[in-house]
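Below is one structure, written out as structure tokens; the observations come after it.
As a basis for the values below, the full set of heavy atoms in this structure was taken, side chains included, without hydrogen atoms, waters or symmetry mates.
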Amino acid sequence: MAGATNVETEWVYVPDDAVIDEPNRAKATLVWPLNGPMGVSIRCFIPGTMM
């Protein structure tokens, strides 16, 4: 969120079955958050290249 001035951040638990462990061709970390009545949950998480 480059250039954003009012950004809230929050640590969210990522369940093991939401982590994609195949090669990430986008090279950037990707996350699919879902906002629900119980708060934020993670549907899908793809780690970046970590280089």
**Request:** Any chance you could pull the hydrophobic cluster mates of Met38, using side-chain heavy atoms under 4.5 angstrom and chaining through other members?
**Result:** none
**Request:** If you link ILVMFWY side chains whenever their heavy atoms are less than 4.5 Å apart, which other residues fall into the same cluster as Trp11? By chain and number, please.
**Result:**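 Answer for Trp11: none, a lone residue.
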**Item:** side chain to side chain contact (heavy atoms under 4.5 Å, CB included) against Ala26, all qualifying residues, sequence neighbours excluded
**Value:**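 Applying side chain to side chain contact (heavy atoms under 4.5 Å, CB included) to Ala26 gives Asn24, Leu30.
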**Request:** Calculate, to the nearest 0.5 Å, the distance between atoms CD1 and OG1 belonging to Ile46 and Thr29 respectively.
**Result:**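 One gets 9.5 Å once the value is rounded to the nearest 0.5 Å.
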**Asked** Going hydrophobic residue to hydrophobic residue with side-chain gaps under 4.5 angstrom, can you get from Val12 over to Val31?
**Response** yes
Can you give me every donor-acceptor pair (side chain of residues 14-22, partner residue at least two apart or in another chain, under 3.5 Å) with its distance?
none

